[in-house]
Amino acid sequence: MIFDTHAHYDDEAFSEDREELIGKLNENGIRYVVNIGTCRETCVQTLRLTEKYPFFFGAIGFHPSDIAGFNENEERWFREQAKNEKIIAIGEIGLDYYWDKEEEVQEKQREAFVSQLKLARQLKLPVAVHSREAAKDTMDIIKEHGQGLGGVIHCYSYHVQDALAYVEMGYYIGVGGVLTFKNARKLREVVEAVPIERIVLETDCPYLAPEPYRGKRNSSLYLPYVVEKLAEIKGLTPSEVEDITFKNAVDMYRISHVMNPVNAISG
Ligand code: NI
């Protein structure tokens, strides 16, 4: 059984066949999905998905590329929504200097990141962190404001040394389709160095489909390709990788108390 710790099924890429696709997940071994919000609108859609599908959980937060709309009002709204037991994390939050190069915008990103880390601490929720071309600032901010919060550095793209530092601070490393790419040497090194007990599976769908579907729309149904690669690198069987990363996801999101009975298939 597979746990997809990071997906965006609210995305318009799924408009045509969302229900049909989600209806197929359980029977194809995808046991749980965490849908991740990126702004107010996608957080509302995330809430709807968790209401509709018993095996969906949600994270709410403002993505660094969407922080223009983040303010005290939104924080209040988050506080309210976080009482919902299907909302299990704050995310995705973080820094993205790839899309935003201006210092002023980057400063705003850092402020929103810090205030959402503080919010997560108050709410006692783990975080889903997005970080792109912002290795040093992300590390500095997490060291100062994110120690012991728990959660995941999603779609991990930095060096081994930082990965081990995050693990040391209580974080998990999110690994998805990129691991199957031919140029994934850096991520491969990370996966070799980080204990399997600290790795979680994710799609980030509709983005980052694994080989042989690279460039196409991604979905949780393609996670077995990532499992296979991970198993090969770690010298484990695919089913061992599924079991261990499943447990990791449950521990990371601290949801053993709200999980559905394993045999309750629903849609
Ligand atoms: Ni994402």
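Remember, predicted model here, so these are calculated numbers, not experimental data. Ligands are counted one by one from 1 in listed order, and the atoms in each one are counted from 1 as well. What's counted below: heavy atoms across the whole structure, side chains too, no hydrogens, waters or symmetry copies.
For the Ni ion (ligand 1), the N/O/S atoms of H6 include one lying under 2.8 Å.
A cation-pi contact, defined as under 6.0 Å to the ring centre and within 45° of the axis, is absent between R31 and F246.
Nearest N, O or S atom of D204 to the Ni ion (ligand 1): atom OD1. The Ni ion (ligand 1) lies closest to atom OE2 when only the N/O/S atoms of E92 are considered. Nearest N, O or S atom of H8 to the Ni ion (ligand 1): atom NE2.
Checked against the 6.0 Å centroid threshold, F56 and Y9 count as a close aromatic pair. Aromatic ring centroids of F78 and F62 lie under 6.0 Å apart.
We find that R76 and E80 are not joined by a salt bridge, their nearest charged nitrogen and carboxylate oxygen being 4.0 Å or further apart.
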